[in-house]
S.K.: 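Handing you this structure, nothing more for now.
Naming: A, B, ... by sequence-line order, numbering from 1 per chain. In what follows, every heavy atom counts, from backbone to side chain, and hydrogens, waters and symmetry copies are set aside.
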2 protein chains.
Amino acid sequence: MAAAMQVVDTQGAGAFSMRALGAFLECDPTAMYRHFTGKNALLDALVDSVVRDGAANLPETDDPRADIRANFRQLRRSLLAHPTLAPLVLRRPPGVGAYWERSDHAVAQLHRAGMDPVDAANVYQTLLFYTLGHTLSEARQLARAVEREGAGADAGPVAAVRPPQDRHPDLSDIAPHLRDDNEVQFLAGLDLILRDLPR
Amino acid sequence: MAAAMQVVDTQGAGAFSMRALGAFLECDPTAMYRHFTGKNALLDALVDSVVRDGAANLPETDDPRADIRANFRQLRRSLLAHPTLAPLVLRRPPGVGAYWERSDHAVAQLHRAGMDPVDAANVYQTLLFYTLGHTLSEARQLARAVEREGAGADAGPVAAVRPPQDRHPDLSDIAPHLRDDNEVQFLAGLDLILRDLPR
DNA sequence: ACCTGAACACCGTTCAAGT
DNA sequence: ACCTGAACACCGTTCAAGT
């Protein structure tokens, strides 16, 4: 439901309630129970629509590595478009819903690139969980801005993951190499995992 | 607070409330506000204690790769020990709390193994986010068992991530290579990321 | 067929009052 | 100093009643 997504994006998923949605739609809070079995089903539908978003038209070029990068980059983008909702992807078991539509594409590309099935399975699951971990961590930072200041808070660029310089000398050594740009940082991790992809 | 952790582990984090904790401690639900500023602070303290758990005595052998594996494997184990609480690690910004104590160790080991700072930064953040993504996905499955059947439900081994065989032929090709054992699957991903670690 | 609204059993948090 | 308990402003969900 588009209205529910609008409430989630403007108020934050934490403030989303049947009563808030009822007020937004100017109807009784219990009217939604005719269309969804409850709040959980509604949230599941929202999460599914986010994961499915953009999965239909993933690129199929003659560069498998670029296609795979585009696939997970787009998953990241879809999740970050709704930062307060993003962590709720973990509510759904991974074999359910729109999840697999996306990964089907990635695995096909790994095959096309000449990777054998055992490596493909390993690379695929590593890419997926890396993308989830990275994106959900980033989403929480964006979500805090939304929940503090309401819709579309201009929180500026989100700070990259940074150690406290004072406490951890080893981490501080590498701190300059933790990129400020989360997108660049994210892609660097993808490339690390895809390092051995045959060309 | 140990009592709060006990309530979370037996009832599930979803059923945890100030009132439930008050009932468990046989005191008024509002008494806790003398010790914690609110429910959020209490949950943050619980999450911190989980992330910190076991971080103090990580191994320091002459095999850096094994030490790094042990580090993230132990983080996974600590999170899975409290499956319903695990997803709440995303509540905290990553530069806060016990998070870094663990990673300090990993980065020191990457240095010791002769890795240059740029690669170390990249490998380190990839390992961390992969571990979070993998472990939080797995934790949710365990959590569903706890929340259905109460404490220590013997849900059997958690099913590995599996595509629906009927819908996705490419994924089905590799399905036999998605290991049943989540621990083995997890370690395979770590090794993929650590592939280029100098020996 | 669909919506309403009272009702039930819950929440987190505050605050005046007790000891 | 610490706990209590009433109170406030919320929840999700059910169900008899309306149209």
S.K.: Just to verify, what does A:R77 make a salt bridge (Lys or Arg N to Asp or Glu O under 4.0 Å) with, not counting sequence neighbours?
M.R.: none
S.K.: Could you list the residues that satisfy salt bridge (Lys or Arg N to Asp or Glu O under 4.0 Å) with A:D191, not counting sequence neighbours?
M.R.: A:R69
S.K.: Please give, in whole Å, the distance from C:dT4 C1' to A:L25 CG?
M.R.: 15 Å
S.K.: Say you pick atom C1' in D:dA17 and the same atom in C:dA1; how far apart are they, in whole Å?
M.R.: 15 Å
S.K.: Note every stem involving DNA chain D: at least three consecutive Watson-Crick or G-U wobble pairs, i with j then i+1 with j-1, with both distances under 3.5 Å.
M.R.: C:4-8 with D:12-16, C:12-16 with D:4-8
S.K.: Output a table of nitrogen or oxygen pairs between the protein and nucleotides 8-10 of chain C separated by less than 3.5 Å.
M.R.:
none

S.K.: Hey, are the side chains of B:H134 and A:Q125 touching, using non-hydrogen atoms and a 4.5 Å cut-off?
M.R.: yes
S.K.: With B:D63, which residues qualify under side chain to side chain donor-acceptor pair (under 3.5 Å), at least two apart?
M.R.: none
S.K.: Write down the distance between CG (B:N40) and P (C:dC11), rounded to a whole number of angstrom.
M.R.: 16 Å
S.K.: Separation of B:M32 atom CE from C:dC11 atom C1', in whole Å?
M.R.: 13 Å
S.K.: Side chain to side chain donor-acceptor pair (under 3.5 Å) with B:D119: which residues, sequence neighbours excluded?
M.R.: none
S.K.: Give the B/S/- string for nucleotides 14-19 of chain D, one per nucleotide from 5' to 3', where a protein heavy atom under 4.0 Å of the base yields B, of only the sugar-phosphate yields S, and otherwise -.
M.R.: B-----
S.K.: Give every donor-acceptor pair under 3.5 Å between a side-chain atom in residues 30-38 of chain A and any protein atom, sequence neighbours left out.
M.R.:
unit_1: A:T30; atom_1: OG1; unit_2: A:D28; atom_2: OD1; d: 2.7

S.K.: Could I get the full list of salt bridge (Lys or Arg N to Asp or Glu O under 4.0 Å) partners for A:D44, not counting sequence neighbours?
M.R.: A:R91, A:R92
S.K.: Using the test side-chain contact (heavy atoms from CB on, under 4.5 Å), find all partners of A:A106 that sit at least two apart in sequence or belong to another chain.
M.R.: A:N71, A:F72
S.K.: Atom CZ of B:F36 and atom C1' of C:dG12: how far apart are they, to the nearest Å?
M.R.: 16 Å
S.K.: Mind checking salt bridge (Lys or Arg N to Asp or Glu O under 4.0 Å) for B:R112 and listing every partner two or more places apart, or none if nothing turns up?
M.R.: B:E60
S.K.: Report yes if a side-chain nitrogen or oxygen of A:H35 is closer than 4.0 Å to either non-bridging phosphate oxygen (OP1 or OP2) of C:dC2; otherwise report no.
M.R.: no
S.K.: Nearest-Å distance, CE (A:M18) to P (D:dG12)?
M.R.: 6 Å
S.K.: Once you round it to whole Å, what is the distance between P of D:dC11 and CD of A:Q11?
M.R.: 10 Å
S.K.: With sequence neighbours left out, what residues match B:E183 under side chain to side chain donor-acceptor pair (under 3.5 Å)?
M.R.: B:R73, B:R76
S.K.: Relative to the 5' end of DNA chain D, which residue comes earlier, B:E26 or A:A20, by the nucleotide with the nearest heavy atom?
M.R.: B:E26
S.K.: Count the heavy atoms of every other residue, nucleotide or ligand shown that sit under 6.0 Å from CE of A:M5, and state whether that count exceeds 12.
M.R.: yes
